[in-house]
Amino acid sequence: MWRFCDLHNHTFPNESCDSEWDPEEFIDSCLSAGIEVAAITDHDRIPPFSELMEASEGRIELIPGVEISTDRGHILVLAPGPEGLGIVSEFTARVGARPDHQVDVSRFFEALGEPSSQGDAFSALMVSIGAHVDMDGSLLASPNTLSIERQLAYAEKLDALEVTRDEAFEEWRTSGVKQGSHQTLLRGSDTHNPRERRSIGTWLYLPEITTASLKHALALREASVAYEGPMGRPEYRIESLEFSDGLHHGRVFEFCERTNAVIGPPNSGKSLLVDGLKFVFSATSDLTEVEETSKSRMAACLPEGTVVTARTQTPEGPRSISRTVGGAEVPTPPFRPIIFSQTELTRRAHASQPSIQLLDIHVDGLDELRSHLANQQAEVVKSFALAAENAQTASLLAEKVGNTEDGLAATKRRLAKLAGTEEVARVATASSRVDRWRKKVGPGLDL
């Protein structure tokens with residue numbers, strides 16, 4: 001599930017003044033900015049997490065954390081889950097973090113590898129993120145008293161890096177972090193005053209809010225991190241599916257907003273759930289085998305009179321669609337979702353053009369797409385044939401160069417034909433150049 005995350009937040013406008021703290025205002029500011037997951041990271045001390053949890057009322061996922069001040073910049077440590085607050089508290093005490101004090105960065109990384117009271121190393125229980133690493137005084141800021149190599153050596157010990165300046169963020173995204181590392185980059189608001197909150201964060205694919213899921217997302221940035229979209233909530237979405245009879249009688253299956261797969265053990269009813277979705281949305285397959293299997297399964301598991309109801313959300317508001325097995329009335333759905341069973345995916349994957357086969361019942365202008373694909377395929381074949389021809393020519397030239405001095409005349413003619421000029425061929429095949437080349441590569445070269 002994709003979630004919009006802000007992993008750098010503070011609870012006080014002025015962290016030395018607790019009287020200004022308002023947990024309701026903090027939660028409301030996160031919700032107004034579209035934040036779904038917020039990490040609480042006060043400077044060198046544990047935040048009032050219980051008050052936040054009470055104020056959130058389950059409307060937002062909160063992660064306990066702390067922002068450790070080191071002599072090489074600030075580092076966020078986060079520990080999702082019910083034990084997280086205790087883990088963060090223990091680590092903060094272990095490194096000696098406290099307000100108005102800088103922890104030696106080498107001590108910070110040493111403590112990450114130490115066992116906690118739970119027995120596991122802190123590095124396995126927490127997520128560590130370099131905070132605003134591009135800002136003055138931070139880990140990867142320029143200028144820096146550390147060499148680039150030392151900066152990157154520290155940075156690579158972290159799970160991710162937070163970059164705040166737009167120009168640095170775009171540059172590092174495209175050319176690598178300081179041209180020497182390719183770690184996951186994050187955007188965070190570093191909000192101190194909820195009244196001045198900026199809607200800045202990062203989309204992360206997090207099925208669960210756990211340390212393992214967060215580490216997994218940051219480790220697979222290509223698949224689990226999105227800087228531009230999926231922004232906002234889906235315009236159309238299926239919220240639930242309900243059966244009034246049969247195998248799934250009385251059950252309501254609820255879907256998260258960005259569901260893209262239904263998984264489970266064999267014989268758990270996954271296929272029938274997909275059949276129900278296709279049935280209520282009047283979706284069919286052009287694969288005869290798939291349609292026959294689906295109809296047979298529904299006949300065995302959903303008796304006539306079973307009502308299948310899908311509850312959806314559309315730009316116009318909520319909409320329920322009901323269809324009765326064996327009934328004559330076929331409702332008109334408000335949108336057409338893409339629904340494939342595992343069998344259909346498998347069958348289509350064996351087609352000559354799998355990608356097109358998977359899309360063929362959902363894409364307009366399919367003939368044009370097929371034609372475009374055929375043209376591209378022809379271009380690739382043509383380019384490959386030309387490359388093969390050039391490779392053969394190069395091989396013949398190599399043989400000529402490998403022969404005696406008499407062979408250079410034939411080589412020169414071929415080069416002149418390729419280069420279009422006698423002068424290029426003369427320079428390329430000068431005996432002295434060939435001799436120098438042979439001495440450089442050494443004896444025994446197999447051309």
Side-chain angles (χ1 to χ4, degrees), residues 1-15 17-67 74-82 84-85 88 126-129 131-132 159-164 166 169 184-211 213-214 217-218 224-234 237 256-258 313:
M1 180 176 181
W2 286 97
R3 306 175 196 252
F4 192 47
C5 306
D6 184 354
L7 303 181
H8 193 171
N9 295 274
H10 299 272
T11 59
F12 308 115
N14 176 353
E15 290 189 0
C17 181
D18 292 9
S19 62
E20 297 186 41
W21 162 235
D22 185 345
E24 294 281 356
E25 186 176 43
F26 178 88
I27 296 297
D28 288 343
S29 74
C30 290
L31 295 173
S32 298
I35 304 299
E36 299 172 76
V37 179
I40 317 303
T41 53
D42 284 341
H43 286 290
D44 305 303
R45 66 177 180 182
I46 305 306
F49 201 72
S50 59
E51 296 177 44
L52 279 168
M53 290 294 291
E54 184 178 350
S56 72
E57 297 178 336
R59 295 175 294 168
I60 186 173
E61 297 280 359
L62 298 175
I63 298 177
V66 66
E67 184 173 4
H74 293 180
I75 301 176
L76 308 173
V77 289
L78 318 176
L85 191 61
V88 169
M126 304 188 312
V127 174
S128 56
I129 301 170
H132 40 68
D159 293 301
L161 304 173
E162 178 193 48
V163 181
T164 56
D166 290 340
F169 184 72
T184 299
L185 304 183
L186 299 175
R187 304 304 300 271
S189 68
D190 194 8
T191 291
H192 285 71
N193 187 345
R195 297 171 190 170
E196 299 175 1
R197 174 178 293 281
R198 299 174 297 161
S199 182
I200 295 179
T202 307
W203 284 95
L204 298 175
Y205 190 79
L206 294 171
E208 300 176 302
I209 310 301
T210 63
T211 299
S213 289
L214 189 51
L218 298 177
S224 304
V225 181
Y227 303 111
E228 300 171 358
M231 303 304 291
R233 306 183 74 175
R237 60 187 186 274
C256 66
E257 289 181 1
R258 301 175 182 93
Q313 281 289 344

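Residues F4 and G34 come closest through the heavy atom pair CD2-O, 3.4 Å. The two residues D159 and M126 come nearest to each other via the heavy atoms OD2-O, 4.0 Å. The two residues W203 and W2 come nearest to each other via the heavy atoms O-CZ3, 3.7 Å. Minimum heavy-atom separation, S189 to T191: OG-OG1, 2.7 Å. Nearest heavy-atom pair, V225 versus A217, reported as atom, atom and distance to 0.1 Å: CG2-O, 3.8 Å. Nearest heavy-atom pair, A160 versus L218, reported as atom, atom and distance to 0.1 Å: CB-CD1, 4.0 Å.
Put simply, the side chain of P64 does not reach to within 4.5 Å of the side chain of I46, judged on heavy atoms. Using a 4.5 Å heavy-atom threshold, the side chains of I200 and T164 count as separate.
Residues satisfying the ring-ring contact (aromatic ring centres under 6.0 Å, His included) test with F169, not counting sequence neighbours, are Y227. Take D190 and apply the salt bridge (Lys or Arg N to Asp or Glu O under 4.0 Å) test, not counting sequence neighbours, and it matches no residue. For the side-chain hydrogen bond (donor to acceptor under 3.5 Å, both in side chains) test, residues two or more places apart in sequence or in another chain that qualify with N9 are R197. Every residue two or more places apart in sequence or in another chain that forms a side chain to side chain contact (heavy atoms under 4.5 Å, CB included) with A131 is listed here: H8, E67, H74, L76, E162. Qualifying salt bridge (Lys or Arg N to Asp or Glu O under 4.0 Å) partners for R198, counting only residues two or more places apart in sequence or in other chains: none. In this structure, the side chain to side chain contact (heavy atoms under 4.5 Å, CB included) partners of A39, at least two apart in sequence or on a different chain, are L7, T41, I63, L78. Residues passing the side chain to side chain contact (heavy atoms under 4.5 Å, CB included) test with E54: none are found, sequence neighbours excluded. For T184, the side-chain hydrogen bond (donor to acceptor under 3.5 Å, both in side chains) test picks out no residue, with sequence neighbours left out. In this structure S213 satisfies the side-chain hydrogen bond (donor to acceptor under 3.5 Å, both in side chains) test together with T210, sequence neighbours excluded.
Of the inter-residue distances, the one linking E24 atom CD with S56 atom OG reads 9.5 Å to the nearest 0.5 angstrom. The distance from the CD1 atom of I129 to the CG atom of L185 is 11.5 Å, given to the nearest 0.5 Å. The structure places CD1 of I60 at 11.0 Å from CE of M53, a figure rounded to the nearest 0.5 Å. Taking OG of S29 as the start and CD1 of I27 as the end, the distance is 7.5 Å to the nearest 0.5 Å. Separation of atoms CD1 (I209) and CD (E36) is listed at 9.0 Å; rounding is to 0.5 Å. Atoms CG and CZ, from L31 and F26 in turn, are 10.0 Å apart once rounded to the nearest 0.5 Å.
Although no hydrogens or angles enter the test, the distance criterion places no donor-acceptor pair under 3.5 Å between the side chain of D6 and the main chain of A38. At distances below 3.5 Å, not a single donor-acceptor pair connects side-chain atoms of T211 with backbone N or O atoms of A79. Looking only at distances, a side-chain donor or acceptor of R3 sits under 3.5 Å from a matching main-chain atom of P207.
Put simply, the residue from L85, D42, V77 that forms a side chain to side chain contact (heavy atoms under 4.5 Å, CB included) with V66 is V77.
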